[in-house]
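What you see below is based on every heavy atom in this structure, not just the backbone, and it leaves out hydrogens, waters and symmetry mates.
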Amino acid sequence: MNRALHLLGGREDPRLQQAAWVARCVGRGAAAPLTGEDVSALASTLRRRSVPRAGVVFGAGAGGAGVWIVRSGHVELVAGAGTRRVVVQILRAGDVDGDIQLLLGMPLPYTGRAVEDVELLELDPQEFERLLATHPAIARRWLSSVAERLNTSHMRILGLLGRSLAQQTAQLLLDEAETDVIALPQRTLAAMLGVRRPSLNKVLKEFEREGLVAVRYAAIDLLDRPALARRTRGRG
């Protein structure tokens with residue numbers, strides 16, 4: 001990961017860059033390891049927890065390693081503190097986190113905080129091992145999910161190499177958009193690209209003048225996906 005970020009020309013805080021890229025491996029949508037049926041079947045064996053708005057869901061101040069599955073609400077993944085604090089990802093219902101770090105023996109590079117009241121299922125490391133050992137079908141799907149997420153992150157890194165910053169930015173916006181909105185601050189997007197925020201802002205202003213996006217506080221709206229997709233290949 002560090003080598004890939006170096007190749008991308010990153011000059012931002014390497015810890016922030018790592019957190020931003022690790023956050024992109026979160027299980028989402030079709031890549032999530034547990035289906036709705038799996039969660040329902042396992043709900044009685046998994047530990048349920050409610051976290052009020054602004055509470056710590058996991059990370060610093062909330063215990064050690066584990067796996068967390070969001071049932072409802074939104075969780076922001078926060079790296080750094082004070083003026084260096086930045087949101088690197090937003091977890092939604094169905095998203096899972098902590099499994100890749102647990103399997104690889106890595107510490108969490110961020111803290112999860114509840115944006116609103118959150119309901120989640122959690123497994124401590126022993127429960128996670130037991131789940132994989134006693135449910136072979138789920139274990140296979142879970143490991144396939146991990147491989148898919150890591151491969152997606154790897155391919156995204158390779159896809160950025162050799163491209164101009166405008167092309168990289170266009171691709172990143174398309175990758176991160178949900179319902180035509182990227183709910184991440186520019187500092188996070190700059191960290192993902194390995195550039196400084198002013199450089200990214202210059203590109204976003206250009207896209208805004210072309211009517212491709214609308215930039216607002218801590219979010220970017222996509223206005224013209226087809227044109228933005230063409231920008232991933234260059235102008236036109």
Side-chain angles (χ1 to χ4, degrees), residues 1 4-5 8-26 28-29 51 53-61 70 73-93 95 97 108-116 118 152-153 156-157 159-160 163-225 228 231-232:
M1 180 179 294
L5 291 170
L8 288 172
R11 293 179 294 278
E12 280 285 356
D13 184 341
R15 292 170 298 179
L16 175 57
Q17 290 179 308
Q18 182 188 48
W21 279 103
V22 169
R24 301 187 86 188
C25 294
V26 167
R28 315 189 76 100
V51 181
R53 181 179 181 275
V56 175
V57 179
F58 53 77
V70 180
H74 294 79
V75 177
E76 60 181 14
L77 304 183
V78 182
T83 59
R84 304 187 72 82
R85 179 184 182 278
V86 64
V87 176
V88 296
Q89 186 61 278
I90 300 292
L91 305 186
R92 298 171 174 80
D95 290 349
D97 201 2
L108 283 168
Y110 39 65
T111 297
R113 292 187 180 276
V115 178
E116 56 197 353
V118 170
T152 297
S153 183
R156 284 174 170 175
I157 292 175
L160 295 177
R163 286 182 170 185
S164 69
L165 180 56
Q167 290 174 303
Q168 293 180 31
T169 301
Q171 187 63 62
L172 182 64
L173 294 178
L174 291 171
D175 287 345
E176 293 299 317
E178 292 194 17
T179 63
D180 291 332
V181 176
I182 300 97
L184 294 171
Q186 290 186 38
R187 185 181 175 194
T188 297
L189 298 175
M192 289 178 172
L193 293 169
V195 300
R196 296 192 181 280
R197 180 178 172 180
S199 299
L200 173 64
N201 185 259
K202 182 178 179 180
V203 173
L204 292 176
K205 290 299 183 185
E206 178 184 337
F207 286 177
E208 198 167 36
R209 288 193 297 272
E210 295 175 9
L212 307 183
V213 304
V215 179
R216 52 193 174 91
Y217 179 73
I220 299 171
D221 300 315
L222 302 193
L223 304 180
D224 192 337
R225 275 181 175 269
L228 198 61
R231 288 295 252 118
T232 66

Atom pair CG/CG of L228 and L174 - distance to nearest 0.5 Å: 4.5 Å
Can you list the steps and then say if K205 with E208 is a salt bridge (charged side-chain N to carboxylate O under 4.0 Å, His left out)? CA-CA 5 Å; K205 290 299 183 185; E208 198 167 36; 3.7 Å; yes
Once rounded to the nearest 0.5 Å, what's the spacing between atom CD1 of I90 and atom CD1 of I182? 13.0 Å
Gap between atom CD1 of I220 and atom CG of L173 - 0.5 Å precision: 5.5 Å
Determine whether more than 12 heavy atoms belonging to other residues, nucleotides or ligands lie under 6.0 Å from atom CZ of R225. yes
Approximate separation, where rounding is to 0.5 Å, of L204 CG and Q186 CD: 5.0 Å
Is the shortest heavy-atom distance from the side chain of L222 to the side chain of F207 under 4.5 Å? no
Identify the two heavy atoms, one from L200 and one from A190, that lie closest to each other, and give their separation to 0.1 Å. CD2-N, 3.5 Å
Where H74 and V118 come nearest, the two heavy atoms and their spacing: O-CG2, 3.4 Å
Please check: side-chain N/O of Q168 versus main-chain N/O of R163, any donor-acceptor pairing under 3.5 Å? yes
Where do P109 and A79 come nearest, in terms of heavy atoms and distance? O-CB, 4.0 Å
Could you walk me through whether R231 and D224 satisfy the side-chain contact (heavy atoms from CB on, under 4.5 Å) test, starting with their C-alpha distance in whole Å, then the side-chain angles of each, then the deciding distance to 0.1 Å, before giving a yes or no? CA-CA 11 Å; R231 288 295 252 118; D224 192 337; over 6 Å; no
Looking at every non-hydrogen atom in both residues, tell me the closest pair between R216 and D221 and how far apart they are. NE-OD2, 2.8 Å
Atom CG of L108 and atom CG of D97: how far apart are they, to the nearest 0.5 Å? 6.5 Å
Can you tell me how far CD of E210 sits from CG of L223, rounded to the nearest 0.5 angstrom? 12.0 Å
